[in-house]
Amino acid sequence: MERTLSIVKPDGVKKNLVGDVVGRFEKNGLSVAALKMIRLSRDEAKGFYIVHKERPFYESLTDFMSEGPIVVMVLEGENAISKVRGIMGATNPKEAAQGTIRADLASDIERNIVHGSDSPESAKYEIGYFFSSLEIVNSGK
Ligand code: CDP
Ligand code: MG
């Protein structure tokens, strides 16, 4: 059993895609262990994406991530990290495989609807960034 952090980004919330995104995870055997809607400040978005601080897209990305509410969730299941990455599709929607969230619902490399942790280390950092241990429930499965 593994845990990962996923986010419905501001574009996904704006387009009323929260249920669609969560539903795709649940249909693929992942369970929601924690979930909430929040709005990040620019500094909070910068802290979340600190690994990208040297990248040319850092400023624009953190502006985008703080422009409106997001839904953050902890997902639990076997191989949850890679499973979520597979359901999301490639970063660039134009390169994402058919049937993935990004291929189906996004059209822009930055505004690509969804986030998912990319490793056990990043999952640990990202889950702890948004949730205390008391807010995460064992699915009991
Ligand atoms: O989200 P993912 O792990 O697939 O990609 P990333 O390389 O960790 O980049 C984080 C986020 O930065 C992406 O999801 C995009 O929103 C944005 N990004 C961008 O705007 N332009 C790029 N060339 C690469 C990423
Ligand atoms: Mg990433």
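Since we're looking at a predicted model, the values are computed, not measured. Every number for a ligand or one of its atoms is a count from 1 in the order of the listing.
- A distance limit of 4.0 angstrom between heavy atoms and ligand 1 selects the residues K9, Y49, H52, F57, L61, R85, T91, R102, I109, E110, N112.
- Here ring pair (Phe, Tyr, Trp, His ring centres under 6.0 Å) pairs that include residues 53-83, with residues two or more places apart or in two chains, are H52-F57.
- Remark: side-chain polar atoms of E95 are not paired, donor with acceptor, to backbone N or O of N92 under 3.5 angstrom.
- Residue pairs meeting the ring pair (Phe, Tyr, Trp, His ring centres under 6.0 Å) criterion with at least one member in residues 65-85, sequence neighbours excluded, do not occur.
- Taken to the nearest 0.5 Å, the CD1 atom of I127 stands 6.0 Å off from the OG atom of S117.
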Can F131 and L5 be said to form a side chain to side chain contact (heavy atoms under 4.5 Å, CB included), step by step?
-> CA-CA 10 Å; F131 295 100; L5 189 281; 4.0 Å; yes
Can I get a per-line list of side-chain donor-acceptor pairs under 3.5 Å for residues 107-116, giving both atom names and the distance, sequence neighbours left out?
| residue | atom | partner | partner atom | Å |
| --- | --- | --- | --- | --- |
| D108 | OD1 | E110 | N | 2.8 |
| D108 | OD1 | R111 | N | 3.1 |
| E110 | OE1 | S60 | OG | 2.5 |
| E110 | OE1 | L61 | N | 3.3 |
| E110 | OE2 | S60 | OG | 3.3 |
| R111 | NH1 | E67 | OE1 | 3.4 |
| R111 | NH2 | E67 | OE2 | 2.6 |
| N112 | OD1 | K9 | NZ | 2.8 |
| N112 | ND2 | T91 | O | 3.1 |
| N112 | ND2 | I109 | O | 3.2 |
| H115 | NE2 | E126 | OE1 | 2.8 |
| H115 | NE2 | E126 | OE2 | 3.4 |

